[in-house]
Amino acid sequence: MNPMYKKKFSVMRRIVAPIVIGLFFIDGRIACGQNAPAQDTPPAEARPGHAVTADGRHTLNMKDADIQALIATVSEITGKNFIIGPSVSGKVTVISARPMKADEIYDVFLSVLRVHGLAAVPSGSMVKIVPETVAQQDGAPGIGTARTHASDEIVTQIVPVKHVSAAELVPILRPLMPQNGQIIAHAASNALVVSDRAGNVERLVGIIQRIDTVSDAQVEMIPLMHANATELARTLTLLADDKTAQANGDAARVFADTRTNSILLSGAKNGRLRLRALIAHLDAPIDNGGDTQVIYLHYANAKDLVPILQGVAATLSGVAPPAAAKTGESAGSGGAASPATIQAHAETNALIISAPPAIFRSLAAVVRQLDIRRNQVLIEAVVAEVADQTAADLGVQWQMAGSRHVVGGTNFTSSNLPGNNIIAATQNPLGVGSGFNLGYLAGTIAGPDGTPIAKLGALVSALQSDGKSNILSTPSVLTLDNQEAQIKVAQEVPFLTGQYTTGVIGAANTATNGSTGVTTPFQTIERRDVGLVLKVKPQINEGESVRLDIHQEVSNLLPPVQGAVDLVTEKRELTTSVLVKDDSLLVLGGLLDNQVKDNVQKVPGLGAIPLLGNLFRYRTNSRAKTDLMVFLHPKILRDATTEAAVSSEKYNYMRTEEIQMRKENWPITPRAQRPVLPEIHDFLASPTLDGQPDNAHPKPARTPPARTDRHP
């Protein structure tokens, strides 16, 4: 035989012979009728590290064995069927000093799986071996079923909580659980859902039952007789924050009820007893000056609050306030003395109140509600006036004085040109009125004193005038709620109110120098404001509307009027109360005036002749149309931000106007000397004296100080 074939035959004999012998052995058992149970095939003794005693107990001693070999051994011992996950791998070591029963072997097996981060999940007749994270999501059985659970088996249990909040227990129990354990609080049912090993779950349930007990925490109210509840609560809160008390669970919460001047305590009994003793010690009367307190005001005026607080104190005590004593007696001298003494210190805007604690607390509550920041109102008024005036005069006047002293002619008077009367023009030819005047001198006549006067034979007058005016005034004023404000932009114009004489001066010198005495006249003058005056008092309602009491006056001087002994003014005055919505426009009143006058003076009969009648006729017509409107725009400023925005808008408007004027060409004043407001942020930071921006004033360079440490 070939040596190569001989070698192959030897190898095949060593492989096939055991197989044939095994089949023969099996067939022999079958032939003999020996049906061995499934767990005895293969025999347990064939597993390395596994021994079986005579009484059916097992001993496991495996070192660095494959975990799948352990699973197979446990399956043979316990008769359980396992499904091994694809990620289950590794080496295990199990050492047992004494034989164990099958159920004990299974508990050891579960412990080995836990050490290696694995878990056994029952699923019908099979047991799945998967990682712990997968086991918790794969439907761990809940505690409470009919069968018992091994301590290392992953289970899920719902633990109801009765006396404490389930959410508060989660941070307490979380450190007691492994990283893979899960605990969730269900707020609706106040229960905990715990998923972990059965042994750890039972331990957590025991801890929860010890914590979930009836607490002695209650809420009690302690009325105060002398101390202030707010101040005492602040002190007790600092004591309640003691770390030692919180660690012992004796910390209590403190609240102040200002209406009843009481302290509310909430917490455990020990903590409440400790704070109650402190309250009883602190709520004691103070003999020396304890009833005198100083309240510093922030917004209100101390002097304005004194009569109000005196009335409140009198109401609380049933004693008439000091203002009720009208007979000159001091408060308390006649009957019962007032229990409260209230004074105002104007320099610090503070109230000094001496009263019993109960009355002082009531007065302090009134002060807190009155000492608030009041809203402000910006009132912008618009006075717009448009006037259109036209006038026309045309006429002929003539006079004739004959040698036989026969006088005749026409003489007309014009309302537009009072100086164009021919008789007045004869006495003063240079005093004729405006317009076109053409006269004919017919000689001279003797005046009253014998002086010759030029005789005016005829006078032709013609005038046409057209005037338009547009006056716009926009006064604005800012004031507090319910505080009257006034803005006045006017001139003080003197008006003659009377005159008289005091006597004769120089009468004693009549004999010496022949002079006669003269009287010294005296005149009385009253100065009146002519211009714009705005008085307003706003009252902010509950909604977004403002009630305004307004008095507005606009006056100006008119040209001199014939026959008037003094100055003539034109005045427009409005006094009303209106209700305006915030930041809206409202018309207060107006005047629409249209006057048309047409006057014809003529000689009867002759003035009606066509063409020729113009010599005997004088025509005058005038038309004056005036449109006057007053508007109002209130705006409520409720906070500092709105006030700053409005002020910045007005400031930037004025600065823009000055910049525009600075760009114009002025004949004399150079541009560098024209004032301009600085930027608003520069003005708020460091305003200059002359209103120039900071770059207009270069700062001198600083000279470094001389060093004194140099040697000569």
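Just so you know, these numbers use all the heavy atoms, side chains as well, and skip hydrogens, waters and symmetry mates. Predicted, not measured: the structure shown is a model, and the values here were computed from it.
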- Residues Y618 and S461: closest non-hydrogen pair is OH-CB, 3.8 Å

- Please round to the nearest 0.5 Å and tell me the distance separating atom CZ of R361 and atom CG of L316. 11.5 Å

- Message: Can you confirm whether H633 sits close enough to D583 that some side-chain heavy atom of one is under 4.5 Å from a side-chain heavy atom of the other?
- Response: yes

- Query: Would you find a donor on one side and an acceptor on the other, under 3.5 Å apart, between the side chain of R373 and the backbone of R638?
  - Reply: yes

- Query: Which atom names give the shortest non-hydrogen contact between L363 and A313, and what distance separates them?
  - Reply: CD2-N, 4.0 Å

- Note on the structure: Sorted by chain and residue number, the side chain to side chain contact (heavy atoms under 4.5 Å, CB included) partners of M654 (sequence neighbours excluded) come out as L677

- On a heavy-atom basis, the closest approach of M629 and G590 is SD-CA, 3.7 Å

- Message: Just checking Q491: does its CD atom have more than 12 heavy atoms from other residues, nucleotides or ligands closer to it than 6.0 angstrom?
- Response: no

- Message: For a salt bridge (Lys or Arg N to Asp or Glu O under 4.0 Å) check, start with the C-alpha distance between E649 and K635, then their side-chain angles and the critical distance, and finish with the verdict.
- Response: CA-CA 14 Å; E649 179 183 357; K635 185 174 183 180; 5.6 Å; no

- Task: Using a 4.5 Å cut-off on heavy atoms from C-beta on, say whether the side chain of V596 contacts that of N621.
- Result: no

- Using 4.0 Å as the upper bound for N to carboxylate O, is an ion pair formed by R623 and D388? yes

- Considering only NZ, NE, NH1 and NH2 on the basic side and carboxylate oxygens on the acidic side, decide whether K535 and E553 come within less than 4.0 Å. no

- Query: What pairs with F616 under ring-ring contact (aromatic ring centres under 6.0 Å, His included), at least two apart in sequence or on another chain?
  - Reply: W398

- Message: If I compare all heavy atoms of T569 with all of V530, which pair ends up nearest, and what's the gap?
- Response: CG2-CG2, 4.2 Å

- For N261 and A229, indicate whether the former's side chain and the latter's backbone hold a donor-acceptor pair under 3.5 Å. yes

- Do V312 and S362 come close enough that some side-chain heavy atom pair is under 4.5 Å? no

- Query: Got a sec: does the CZ of F495 have more than 12 other heavy atoms crowding it under 6.0 Å?
  - Reply: yes

- Query: Between the side chain of D371 and the main-chain N/O of H298, is any donor-acceptor distance below 3.5 Å?
  - Reply: yes

- In this structure, are over 12 heavy atoms from other groups packed under 6.0 Å from Q464 atom CD? no

